[in-house]
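Inspection log for the structure reproduced underneath, given as structure tokens.
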2 protein chains.
Amino acid sequence: MAPKKQDDIGQIINSIRGINYILQRQSKELMKSLKITGPQLGALRLVSRYPNISLRELSERMYLHVSTVCGIIDRLETAGYLTRCRNDEDRRSINISLTDKGIRAVKTAPLTGFSNMFHDLQKLPAPSVRKIRRAMEHLTKMMNIEINDMRHIS
Amino acid sequence: MAPKKQDDIGQIINSIRGINYILQRQSKELMKSLKITGPQLGALRLVSRYPNISLRELSERMYLHVSTVCGIIDRLETAGYLTRCRNDEDRRSINISLTDKGIRAVKTAPLTGFSNMFHDLQKLPAPSVRKIRRAMEHLTKMMNIEINDMRHIS
DNA sequence: CCCAAAATATATGTATACCAATTAATATGG
DNA sequence: CCATATTAATTGGTATACATATATTTTGGG
């Protein structure tokens, strides 16, 4: 008997659930090995790429609410990975910069989450990647999802 | 110039991020219209499908930790959507059952999250769905994700 | 039969993640 | 030029989500 559309749909949904599960699990493994969480490492990577970034810009690049990122930065500062510094030109803003410990962490941290997926995808031949992209675009178009500019790699 | 593999990869990752974002947003909209969250509605739907379900079985079907589901059930009980009842045959267990308010909520709640995606996918022609499935399988295989039996629909 | 081990639910503590409100600093308009 | 609005960061409150610890009950091995 021919495989059913129903089964295909179930498999698609399970794949997305599985991807989310894997991303979460990798974050937990990171926590065990480095005493740091996935979102925290994501923030460190962004501060490394954009030195003296403000909290507002960081939260935009992480696609998270400012208050969420504020808490993440709190914990990273307490743990000694970065420092907050008032901006002299606009004293409402802060500049976030890595400490030596933070620089070391970014250098030694393993690939996790989307960075890892990125790495894996680059090993596939271009036509396969193109096929996956087309399928994903079909999905997001169907769900009316706007993909504007999501640069963040967590 | 030919489109680059790099771009395709970025688009794939953004699609996944977008899907997760949409699922979260739908949960929030539900919260506004029904005073209930996505996970809470998911729990109510499962209790409706499996009357007198135990906390352990519910957490298994939701693919969440028992302690997480315990909190969700706490809030639903406080809000009057369901009741806990000690199981007389095994007094360690509890039986969870819906109140009239809970039954009404399950009946009137809109489709959200994966239920909604399921609904949308059924409107696509079978070959398109098949293509998406194959692409997703390629992705999950690449990431070594085991899709066993994820029945939960949130 | 009895006590150790396992299972069930709950409680506690930490980390996201959101919103709303607050505070401080800067821009803007009348 | 000053009152008002806007912007940046923080704080407090709620809801997931996890791990760990605890209490109660059940079960199994000796």
Side-chain angles (χ1 to χ4, degrees), chain A residues 17 20-21 23-32 34-44 52-60 62-79 81 83-96 113 152 154, chain B residues 17 20-21 23-32 34-44 52-60 62-79 81-96 112-113 152 154:
Chain A
R17 296 180 60 82
N20 287 333
Y21 177 76
L23 295 177
Q24 194 182 341
R25 204 186 60 189
Q26 286 179 354
S27 169
K28 259 178 275 169
E29 281 167 6
L30 178 70
M31 182 71 186
K32 275 180 197 150
L34 266 197
K35 309 292 179 203
I36 219 179
T37 65
Q40 286 173 5
L41 178 58
L44 285 186
N52 294 315
I53 194 172
S54 72
L55 189 61
R56 187 195 57 76
E57 191 184 344
L58 182 58
S59 69
E60 276 173 9
M62 292 180 80
Y63 297 95
L64 292 176
H65 199 277
V66 191
S67 60
T68 301
V69 181
C70 189
I72 291 172
I73 296 303
D74 277 349
R75 286 178 283 278
L76 284 171
E77 191 178 25
T78 303
Y81 289 99
T83 54
R84 272 175 171 96
C85 186
R86 215 84 223 178
N87 184 331
D88 279 331
E89 268 136 49
D90 185 341
R91 300 199 52 73
R92 292 171 300 183
S93 287
I94 61 170
N95 296 126
I96 306 169
H152 169 52
S154 72
Chain B
R17 296 180 60 80
N20 287 332
Y21 178 76
L23 296 178
Q24 194 181 340
R25 204 185 61 190
Q26 286 178 354
S27 170
K28 257 178 277 169
E29 281 167 7
L30 178 70
M31 183 69 186
K32 276 181 197 148
L34 266 198
K35 310 293 178 202
I36 219 179
T37 66
Q40 286 172 5
L41 178 57
L44 285 187
N52 294 314
I53 194 173
S54 73
L55 190 62
R56 187 195 56 76
E57 192 185 344
L58 182 59
S59 70
E60 276 174 8
M62 291 181 80
Y63 296 94
L64 292 176
H65 199 279
V66 190
S67 59
T68 302
V69 181
C70 190
I72 292 172
I73 295 303
D74 277 350
R75 286 177 285 277
L76 285 171
E77 189 178 26
T78 303
Y81 288 99
L82 48 75
T83 54
R84 273 176 170 95
C85 185
R86 214 85 222 176
N87 184 331
D88 280 331
E89 269 135 47
D90 185 341
R91 300 199 50 75
R92 292 171 301 182
S93 287
I94 61 170
N95 296 125
I96 306 169
T112 58
H152 169 51
S154 71

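Residue numbers start from 1 in every chain, and the chains themselves are labelled A, B, ... in the order their sequence lines are given, proteins ahead of strands.
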| note | Closest to the 5' end of DNA chain C, once Asp88(A) and Met31(A) are matched to their nearest nucleotides, is Met31(A)
| said: I need the single residue from Ile72(A), Leu64(A), Val69(A), Ile94(A) that forms a side-chain contact (heavy atoms from CB on, under 4.5 Å) with Leu58(A). Which is it? | reply: Val69(A)
| task | Heavy atoms only: give me the nearest Ser67(A)-His65(A) pair and the separation to one decimal. | result | OG-ND1, 2.9 Å
For nucleotides 9-12 of chain C, list the nitrogen or oxygen atoms of the protein found under 3.5 Å from its nitrogen or oxygen atoms, one pair per line.
residue	atom	partner	partner atom	Å
dA9(C)	OP1	Leu55(B)	N	3.3
dA9(C)	OP1	Ile94(B)	N	2.9
dA9(C)	OP2	Arg56(B)	N	2.6
dT10(C)	OP1	Arg84(B)	NE	2.8
dT10(C)	OP2	Arg84(B)	NE	3.3
dT10(C)	OP2	Arg84(B)	NH2	3.1

| field | Spacing between Gln40(B) atom CD and dC18(C) atom C1', to the nearest angstrom | value | 14 Å
| remark: On a heavy-atom basis, the closest approach of Leu34(B) and Tyr81(B) is O-OH, 3.8 Å
| request: Taking side chain to side chain donor-acceptor pair (under 3.5 Å) as the test, write out the residues that go with Asn52(B), two or more places apart. | output: none
| note | With a 4.0 Å cut-off (strictly under) to non-hydrogen atoms of chain B, the first and last hit nts on DNA chain D, 5' to 3', are dA15(D) to dT26(D)
| request: Hey, could you give me the CZ/CD distance between Arg84(A) and Glu77(A), rounded to the nearest 0.5 Å? | output: 4.5 Å
| said: Working to the nearest 0.5 angstrom, can you tell me the gap between Ile73(B) CD1 and Thr83(B) OG1? | reply: 10.5 Å
| task | Report yes if a side-chain nitrogen or oxygen of Thr68(A) is closer than 4.0 Å to either non-bridging phosphate oxygen (OP1 or OP2) of dC18(C); otherwise report no. | result | yes
| task | Measure the CD1-CG distance between Ile96(B) and Leu44(B) for me, rounded to the nearest 0.5 Å. | result | 10.0 Å
| field | Between the first and last five pairs of the helix from dC1(C)-dG30(D) to dG30(C)-dC1(D), the angle of the axes, rounded to 10 degrees | value | 0°
| request: Provide, to the nearest angstrom, the distance between the CZ atom belonging to Arg75(A) and the C1' atom belonging to dT16(C). | output: 7 Å
| Could you give the distance from CG (Leu55(B)) to CD (Glu60(B)), rounded to the nearest 0.5 Å? | 10.5 Å
| Under the side chain to side chain contact (heavy atoms under 4.5 Å, CB included) test, residues paired with Glu57(B) that sit two or more places apart | Ile53(B), Ser54(B), Arg61(B)
| message | Using the salt bridge (Lys or Arg N to Asp or Glu O under 4.0 Å) criterion, which residues pair with Arg92(A)? Sequence neighbours excluded. | response | Asp90(A)
